[in-house]
Engineer: 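Can you keep this structure in mind? I'll have questions shortly.
Lettering of chains follows the sequences in order, A, B, ..., and the numbering in each one begins at 1.
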Amino acid sequence: MNVFKGFRTQVLALLDGMVAAGELPAGLDTARVTVEPPREASHGDMSTNAAMVLAGQAGTSPRQLAPKLARCLETLPDVLAAEVAGPGFVNVRFAPGFWQAQVAEVLRAGLAYGTSTVGAGRRVNIEYVSANPTGPLHAAHARGAVIGDALANLLEKAGFVVTREYYINDAGSQVETLGRSAFLRYREALGEEIGEIPAGLYPGEYLKEVGRALADRDAGRWRDEPESTWLPVLRDFAIDRIMIGIREDLAALGIGITVFSSERALVAGGAVQAAFEALTARGLVYQGVLEPPKGKKPDDWEPRPQTLFRATDFGDDVDRPLRKSDGSWTYFANDIAYHLDKYRRGFTVLIDVLGADHGGYVKRMQAATTAITGGEAALDVKICQLVHLMDHGKPVKMSKRAGTFVTLRDVIDQVGRDVVRFIMLTRRNDQTLEFDFAKVTEQSKDNPVFYVQYCHARCRSVLRHAAQNLPAAALTPGALAAAPLDRLAEPEELALIRVLAAWPRLVEAAAEAHEAHRVAFYLYDLAAAFHGLWNKGKDDTTLRFLAADDPALTAARLALVLAVATVVASGLAVIGVEPVEEMRS
RNA sequence: GCGCCCGUAGCUCAACUGGAUAGAGCAUCUGACUACGAAUCAGAAGGCUGGGAGUUCGAAUCUCUCCGGGCGCGCCA
């Protein structure tokens, strides 16, 4: 239960009452009325902008309207005081009991605390990773994988029905190159000396295994055949082998892709032709000649008529080609068909998580999605900026040519899956991210993974201590929820409860914004509030959780501790990280 | 040249989609370890939110224009 949203409905009800009493005109637009925690804690518990939003419509001023609303708010049972502040905010203070009750809410809900229904069962398709099946996943893929996966978790928690999808680009020239490269390794596996890998083919060592596997299966069957015979076989064989490895790597990172879509199958099924015809029927396809790109003109540029999609009608900068000069479809045309396919499978909310090099692709794909679905589906594209791999502050050298690039598997093996997942969410997706092997495994407060995990471990530690003196039955969530929570009266305790109570609101806001990183930042804030209270107990022993001479107080504080552990675990579940019981030394 | 993203404390980053006096963490300075684990915490100091103009009750956020960085720019995917 989002307490802020709950209070907003109460505010709206009071406004209706003011309308009925003739204090406000009817027909006010309350859509922009918000209830938020004030930035400054001293301003109170919640703040509403209602007077400022409505004053104009009501023909009065915020400072005149606000006091009237404040008086109404003070009639509510949980409200201690409502004050007008600044340009017309109404700040509300709640009775401690209002917050204390939230602890019991957390314990009753358990890990489901924060689960919301704002998604209302709407179906969302989120496509992520979608790395070309020409080699193993490398370190940079981790970011898109985690952002997509965490966003999927987040949206599910917010009440959306989510499909997690991986688009296999198995149709273009790159997989042909893969087939040729694999053929070379196949011949090598049969004992041939292949020498240097020619330019234009993939040199990676990982293809040796592919070549060997095919040699084991088919022996010399393809060696002396023409390319037209072996290429499809080698290509498909290599794709299958590489996709097996990719799936294993994703599993190692805990990425739960549910649907793998094949570009080749899509094309073979006539989907591109169908999408093309749909666009044509809408009058959005024509033959035309594009201007050359200014400033950076390709050497072989020559004006030529092309089959173009009217992307500029939908906000793109130029119209985009759908066919290559040899008559085959462009990647863009295939992708239009793919997005139409998603729409036809019932999704109206589409999210693509793409790498930084796809930045220039966003507008055209959004234009195409709007066009092909008649505006019924909306595409949001999350661009992941680069990840700079570092070690002890120095860049990790990588060279694709020398085959020394860092694979995703390397990273997972070195620092662990939980660390990878958490760190990838410690920056907004459109901000570059530094990933330092030394720093992310450091056991200090500089390391947010550690800091948050340490919070959970401390909570569990307290509960373990309590278990030495109390029967297990007294420590269940149900028993603790029944503790005298009104004993949680210290300012720091109430402040901590406010942070807990912000979790459901954060889930909703982050889900609507499609921003999973906010969960990581929230967890950091929650951990900070808890560590602060913990340390207060160092100076002031009356603040300690376990009060030997006061069982009732102890029970109330243990309820709070368990609630903190629960919300931390709930948040980590969205990120896809396992909460730890204790820190290993 | 055009488009997209970014520019916030010395450094690394937030800021709840337009809210109040822009917040954290490092680093710096001051203080707290016979402990429910100090692997932490409290306090101080640090800002013309790259510059300028506009929109309105109100702008880091929206518009325009410069400056600086990243990514991309017809038959690669």
Engineer: From CD1 of A/I423 over to P of B/rU12, roughly how many Å is that when rounded to an integer?
Structural biologist: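 From A/I423 CD1 to B/rU12 P: 17 Å.
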
Engineer: Mind calculating the distance between CG (A/L533) and C1' (B/rU40) to the nearest angstrom?
Structural biologist: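 In whole Å, B/rU40 C1' and A/L533 CG are 13 Å from each other.
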
Engineer: Just N and O in the side chain of A/H531: are any of them under 4.0 Å from OP1 or OP2 of B/rA24?
Structural biologist: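 Indeed not, no polar side-chain atom of A/H531 lies that close.
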
Engineer: Pick the C1' atom in B/rC16 and in B/rA24, then give their distance to the nearest Å.
Structural biologist: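 So the two C1' atoms sit 15 Å from each other.
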
Engineer: Over all strands shown, is A/H514 touching base, sugar-phosphate only, or nothing at heavy-atom distances under 4.0 angstrom?
Structural biologist: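 Since no nucleic acid heavy atom lies under 4.0 Å of A/H514, the category is nothing.
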
Engineer: Please give the nucleotide sitting opposite B/rG47 as a Watson-Crick or G-U wobble pair, both distances under 3.5 Å, or none.
Structural biologist: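 Partner of B/rG47: none.
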
Engineer: Taking the same atom, P, in B/rU56 and in B/rU63, what whole-Å distance lies between them?
Structural biologist: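 Looking at atom P only, B/rU56 and B/rU63 are 15 Å apart.
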
Engineer: Select base, sugar-phosphate, or nothing to describe what A/E515 touches, counting heavy atoms under 4.0 Å on all strands.
Structural biologist: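 It contacts base atoms.
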
Engineer: To the side chain of A/F521, which of B/rC13, B/rU40, B/rC76 is closest?
Structural biologist: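 Of the candidates, B/rC13 comes closest.
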
Engineer: Mapping A/M52 and A/D525 to their closest nucleotides on RNA chain B, which lands nearer the 5' end?
Structural biologist: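 Counting from the 5' end, the first nearest nucleotide belongs to A/M52.
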
Engineer: When the C1' atoms of B/rG7 and B/rA22 are considered, how many whole Å apart are they?
Structural biologist: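 One C1' to the other, the span is 16 Å.
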
Engineer: Contact class for A/P38 vs. all strands (heavy atom < 4.0 Å): base, sugar-phosphate, or nothing?
Structural biologist: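 If one applies the 4.0 Å heavy-atom cut-off, A/P38 turns out to touch a base.
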
Engineer: Are a donor atom and an acceptor atom from the side chains of A/S116 and A/E508 found within less than 3.5 Å of each other?
Structural biologist: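 A donor-acceptor contact under 3.5 Å links the two side chains.
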
Engineer: Who does B/rC2 pair with, Watson-Crick or G-U, both distances under 3.5 Å?
Structural biologist: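 In the structure as shown, B/rC2 has B/rG72 as its Watson-Crick or wobble partner.
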
Engineer: Taking only the side-chain nitrogens and oxygens of A/Y451, find out if one of them lies under 4.0 Å from OP1 or OP2 of B/rC41.
Structural biologist: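 Yes, within the criterion.
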
Engineer: Let me spell it out: for each of A/E434 and A/F89, pick the nucleotide of RNA chain B with the closest heavy atom. Which residue's pick is nearer the 5' end?
Structural biologist: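 The residue closer to the strand's 5' end, by nearest nucleotide, is A/E434.
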
Engineer: With the stacking rule set at 5.5 Å and 30°, tell me whether A/H43 counts as stacking on B/rA20.
Structural biologist: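 Yes, A/H43 stacks on the base of B/rA20.
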
Engineer: How would you label the contact of A/R323 with the nucleic acid (heavy atoms, under 4.0 Å): base, sugar-phosphate, or nothing?
Structural biologist: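 Result for A/R323 = nothing.
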
Engineer: With the side chain of A/N132 defined as its heavy atoms from C-beta on, choose the nearest nucleotide among B/rG18, B/rA77, B/rG72.
Structural biologist: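 For A/N132, the side-chain atoms sit closest to B/rA77.
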
Engineer: For a quick check of understanding: with a heavy-atom distance under 4.0 Å over all strands, which category does A/P62 fall into, base, sugar-phosphate or nothing?
Structural biologist: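 Result for A/P62 = nothing.
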
Engineer: Has A/K382 got a side-chain N or O lying under 4.0 Å from the OP1 or OP2 atom of B/rC5?
Structural biologist: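 No, outside the criterion.
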
Engineer: Do A/R518 and A/Y522 have side-chain atoms, one donor and one acceptor, less than 3.5 Å apart?
Structural biologist: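 No pair is found: no donor N or O on one side chain lies under 3.5 Å from an acceptor on the other.
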
Engineer: In whole angstroms, how far is the P atom of B/rG3 from the CZ atom of A/R320?
Structural biologist: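 A/R320 atom CZ is separated from B/rG3 atom P by 12 Å.
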
Engineer: Using a heavy-atom cut-off of under 4.0 Å over every strand shown, decide if A/S173 touches base, sugar-phosphate, or nothing.
Structural biologist: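 The residue A/S173 makes sugar-phosphate contact but no base contact.
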
Engineer: Could you measure between the two P atoms, the one in B/rG10 and the one in B/rG47, and give it in whole Å?
Structural biologist: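 After rounding to an integer number of Å, I get 6 Å for this pair.
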
Engineer: Quick test of your reading of the model: are A/E515 and A/R428 salt-bridged, counting only N-O distances below 4.0 Å?
Structural biologist: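 No.
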
Engineer: Just by distance, do the side chain of A/Q287 and the backbone of A/P305 share a donor-acceptor pair under 3.5 Å?
Structural biologist: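 No, A/Q287 side chain to A/P305 backbone: no donor-acceptor pair under 3.5 Å.
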
Engineer: Quantified in whole Å, what is the P atom distance between nucleotide B/rC66 and nucleotide B/rC76?
Structural biologist: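 Straight-line distance between the two P atoms is 35 Å.
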
Engineer: Knowing that exactly one of A/N169, A/V272, A/L322 qualifies, which makes a side chain to side chain contact (heavy atoms under 4.5 Å, CB included) with A/N334?
Structural biologist: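 The residue from A/N169, A/V272, A/L322 that satisfies side chain to side chain contact (heavy atoms under 4.5 Å, CB included) with A/N334 turns out to be A/V272.
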
Engineer: Touch check for A/V462, heavy atoms < 4.0 angstrom, all strands: base, sugar-phosphate only, or nothing?
Structural biologist: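 Touches a base.
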
Engineer: Which part of the nucleic acid does A/A356 contact within heavy-atom distance under 4.0 Å: base, sugar-phosphate only, or nothing?
Structural biologist: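 Sugar-phosphate, backbone atoms only, no base.
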
Engineer: Rounded to whole angstroms, how far apart are CZ on A/R428 and C1' on B/rA24?
Structural biologist: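 Value for this atom pair: 15 Å.
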
Engineer: Could you tell me whether A/F435 and A/F437 have their ring centroids closer than 6.0 angstrom?
Structural biologist: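 Distance test on ring centres: under 6.0 Å, yes.
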
Engineer: Closest approach to the side chain of A/Q174, judged atom by atom: which nucleotide of B/rC41, B/rA77, B/rC5 is it?
Structural biologist: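 Shortest atom-to-atom distance from the side chain points to B/rA77.
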
Engineer: Give a yes/no on whether any side-chain N or O of A/K363 is located under 4.0 angstrom from OP1 or OP2 of B/rG3.
Structural biologist: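 No, outside the criterion.
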
Engineer: Look at A/K536 together with A/E490 and state whether they make a salt bridge at an N to O cut-off of under 4.0 Å.
Structural biologist: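 Here A/K536 does not pair with A/E490 in a salt bridge, since their nearest N and O are not under 4.0 Å apart.
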
Engineer: Measure from CZ on A/F450 to P on B/rC41 and round the result to the nearest Å.
Structural biologist: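 It works out to 10 Å between those atoms.
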
Engineer: Scan A/E263 against the nucleic acid and name what it touches under 4.0 Å (heavy atoms): base, sugar-phosphate only, or nothing.
Structural biologist: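 If one applies the 4.0 Å heavy-atom cut-off, A/E263 turns out to touch the sugar-phosphate alone, with no base involved.
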
Engineer: What is the distance from CZ of A/F332 to C1' of B/rC76, rounded to the nearest Å?
Structural biologist: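 Rounded to the whole Å, the gap is 15 Å.
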
Engineer: Starting the side chain at C-beta, find the nucleotide from B/rC5, B/rC57, B/rA77 nearest to A/D430.
Structural biologist: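 So the nucleotide nearest the side chain must be B/rC5.
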
Engineer: What about A/N91: does its side chain form a donor-acceptor pair under 3.5 Å with the base of B/rA20?
Structural biologist: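 Such a pair is found, so the answer is yes.
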
Engineer: According to the Watson-Crick and G-U wobble definitions, with both distances under 3.5 Å, which nucleotide is paired to B/rA14?
Structural biologist: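 B/rA14 is unpaired by these criteria.
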
Engineer: Could you work out the separation of B/rG54 and B/rA59 based on their C1' atoms and round it to a whole Å?
Structural biologist: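 The answer is 11 Å between these two C1' atoms.
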
Engineer: Please classify B/rU61 as syn or anti, treating any glycosidic angle within 90° of 0 as syn.
Structural biologist: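 Nucleotide B/rU61 adopts anti.
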
Engineer: What's the CD-P distance between A/Q385 and B/rC5, to the nearest Å?
Structural biologist: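 Result: 11 Å.
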
Engineer: Ignoring backbone atoms, test whether A/Q431 places a side-chain nitrogen or oxygen under 4.0 Å from the OP1 or OP2 oxygen of B/rU12.
Structural biologist: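 Negative; the distance criterion is not met.
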
Engineer: Less than 4.0 angstrom from a charged side-chain N to a carboxylate O is my criterion; do A/K324 and A/D326 meet it?
Structural biologist: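 Looking at A/K324 and A/D326, the cut-off is not met.
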
Engineer: On a whole-Å scale, what distance lies between the P atoms belonging to B/rC67 and B/rG52?
Structural biologist: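 These two P atoms come out 15 Å apart once rounded.
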
Engineer: CH2 of A/W534 versus C1' of B/rU40: gap in Å, rounded?
Structural biologist: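 It is 10 Å, rounded to the nearest whole Å.
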
Engineer: In whole Å, measure the gap between the P atoms of B/rC2 and B/rU49 for me.
Structural biologist: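 Per the computed distance, 28 Å lies between those P atoms.
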
Engineer: Counting Watson-Crick and G-U wobble pairs only, both distances under 3.5 Å, name the nucleotide matched with B/rG7, or none.
Structural biologist: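 Per the H-bond distance test, B/rC67.
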
Engineer: Only pairs with both distances under 3.5 Å count, Watson-Crick or wobble alike; so what is the partner of B/rC57 in this structure?
Structural biologist: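 Base-paired to B/rG19.
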
Engineer: May I ask you to verify whether the side chain of A/S47 and the base of B/rA20 hold a donor-acceptor pair under 3.5 Å?
Structural biologist: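 Side chain to base: pair found, below 3.5 Å.
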
Engineer: With no hydrogens and no angle check, do the side chains of A/D352 and A/Y167 hold a donor and an acceptor under 3.5 Å apart?
Structural biologist: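 Looking only at side-chain atoms, A/Y167 and A/D352 do not form any donor-acceptor pair under 3.5 Å.
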
Engineer: Look at all strands and tell whether A/A509 reaches a base, only sugar-phosphate, or nothing, counting heavy atoms closer than 4.0 Å.
Structural biologist: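 Sugar-phosphate only.
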
Engineer: Base, sugar-phosphate or nothing for A/I383? Non-hydrogen atoms, less than 4.0 Å.
Structural biologist: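 Since no nucleic acid heavy atom lies under 4.0 Å of A/I383, the category is nothing.
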
Engineer: If we ignore hydrogens and angles and just use 3.5 Å, is the side chain of A/T34 paired with the main-chain N or O of A/E36 as donor and acceptor?
Structural biologist: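 Not at all, since once roles are kept as given, no pair shorter than 3.5 Å links the two residues.
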
Engineer: Counting only side-chain heavy atoms from C-beta out, which of B/rA77, B/rA14, B/rG19 sits nearest to A/R427?
Structural biologist: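 Closest of the options to the side chain of A/R427: B/rA14.
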
Engineer: Across all strands shown, which nucleotide pairs with B/rG31 by Watson-Crick or G-U wobble geometry, both distances under 3.5 Å?
Structural biologist: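 By the stated definition (distances under 3.5 Å), B/rC41 pairs with B/rG31.
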
